[in-house]
Amino acid sequence: MRAIELADLGRAYGERVALAGVTLTVQEGETLAVFGANGAGKTTLLRILATLLRPHHGSAKVLGHELPREGWAVRGKIGFLGHDPLLYRDLTARENLQFHARLHGVRFERVDAVLDAVGMSARADDPVHTFSRGMLQRTAVARAVLHEPQLLLLDEPLAGLDPGAAALIDPLIGGGTRVVISHDPTFRGDLALGLRGGKVAFCERGATVDDVRALYA
Ligand SMILES: Nc1ncnc2c1ncn2[C@@H]1O[C@H](COP(=O)(O)OP(=O)(O)OP(=O)(O)O)[C@@H](O)[C@H]1O
C-alpha cells in the first residue's frame, strides 16, 4: 500500500514560497529521509504531512486520505516529533503520557512500558520542566510512539541524545513507515528527498552521501 503520495505539493508563507513541486510516493514500511539546509522547507513538509499546515498547491494523500480534507482520519494514525516536544511542562512525564494514552485509547500499562523503553522510568514522576534536553527528547519520542502509529513523522529524532539514549530510541522509531528529517549525510532511507530553497534538489532511491553533502555546500 502507498503510505504517502505527493503531487506537485507546495506551500507559501505570504509571498515567501517555502515548498514547491514535491512529487513522490512512499510505500508502507519505507523510510523517506529528508535533507536540506536551514530554511530549505523540511519542517514545512513535515507539518503538512502531520495535518498541522494546509498545502497551498498540489495534492497530498497520507495513509489513503486526502489532505487537508480528510485530516481528521489521519491524525490518530500518525506519530509526530517536531522541534517542540509537545509536552505539558508542569505535568510529569507519566502524566503527559497518560493524557496522551487517554486521547488515543491506549492502556496505561503501555505508558510504563514506553517510559522504560526510553530509559525514563526513574524520572517518570518528575515535572517535565525539570528535564534536560535529552530527557525532554526521550519523553517526546515516548509520546510520539505511544499509540503505535502507522506513520512516524520525525524531525531529527536523535538530536540531543547521548549514544546510550540513541541506542535505546533507535529501535523504537525503526521498522515502520517513516519520514525522517536528518542532517546526517550517512543516514539512509529507502527514498531520499533533498530540498534547497523549498525546491526539490533530488528525490531518489540511490542518493549518495555526496548528493546530501552538496545540499550544504
Ligand atoms: N510561520 C512562518 N512564517 C513565515 N515564514 C515561515 C514560517 N515558517 C517557515 N517559514 C519560512 O519557510 C521557509 C522554510 O522553513 P522551514 O521551517 O520549513 O525550513 P527547515 O528546512 O525546516 O529549516 P530548519 O533546518 O532551520 O528547521 C523558510 O524560508 C522560513 O523562513
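What you see below is based on every heavy atom in this structure, not just the backbone, and it leaves out hydrogens, waters and symmetry mates. Atoms within each ligand, like the ligands themselves, are counted from 1 in listed order.
At least one donor-acceptor pair under 3.5 Å links the side chain of Asn96 to the backbone N or O of Tyr88. His100 places no side-chain N or O within donor-acceptor distance of the main-chain N or O of Leu87, the cut-off being under 3.5 Å. No donor-acceptor pair closer than 3.5 Å links the side chain of Gln98 to the backbone N or O of Phe108. Looking only at distances, a side-chain donor or acceptor of Glu30 sits under 3.5 Å from a matching main-chain atom of Gln27.
With respect to atom 31 (O) of ligand 1, the closest heavy atom belonging to the protein is Arg16 NH1, 3.7 Å. Shortest contact from atom 27 (O) of ligand 1 to any protein heavy atom: His83 CE1, 3.4 Å. If you check which protein heavy atom lies closest to atom 11 (C) of ligand 1, you get Tyr13 CD1, 3.7 Å. Remark: minimum distance from atom 26 (O) of ligand 1 to any protein heavy atom is reached at Asn38 ND2, 3.1 Å. With hydrogens left out, the protein atom closest to atom 16 (P) of ligand 1 is Thr44 OG1, 3.7 Å, a heavy atom. Ranking protein heavy atoms by distance to atom 21 (O) of ligand 1, first place goes to Lys42 NZ, 2.7 Å.
Considering backbone and side-chain atoms alike, Ala40 places an N or O below 3.5 Å from some N or O of ligand 1. Checked by distance only, ligand 1 and Gly39 come closer than 3.5 Å through their nitrogen or oxygen atoms.
Contact check for Arg2 versus Lys61: no side-chain heavy atoms found under the 4.5 Å cut-off.
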Verify side-chain contact (heavy atoms from CB on, under 4.5 Å) between Ile4 and Leu151, making sure each step is shown before the conclusion. CA-CA 9 Å; Ile4 300 174; Leu151 172 65; 4.1 Å; yes

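Of all atoms in ligand 1, numbered sequentially from 1 with element shown, those under 4.0 Å from a heavy atom of Ala18 are 12 (O), 13 (C), 14 (C). Within the listing of ligand 1, atoms 17 (O), 18 (O), 20 (P), 22 (O), 27 (O) sit less than 4.0 angstrom from a heavy atom of Thr43.
Cluster membership check: Ile181 shares its hydrophobic cluster with Val22, using side-chain heavy-atom separations under 4.5 Å among Ile, Leu, Val, Met, Phe, Trp and Tyr.
Residue Gly36 places every heavy atom at 4.0 Å or more from ligand 1. Within the 4.0 Å heavy-atom shell around ligand 1 one finds Ala37. Under a 4.0 Å heavy-atom criterion, Arg47 is not in contact with ligand 1.
Under a cutoff of 6.0 Å and an axis angle of 45°, Arg213 and Tyr216 do not form a cation-pi pair.
Using modelled atom types, one finds a donor on one side chain and an acceptor on the other under 3.5 Å when comparing Asp116 with Ser121.
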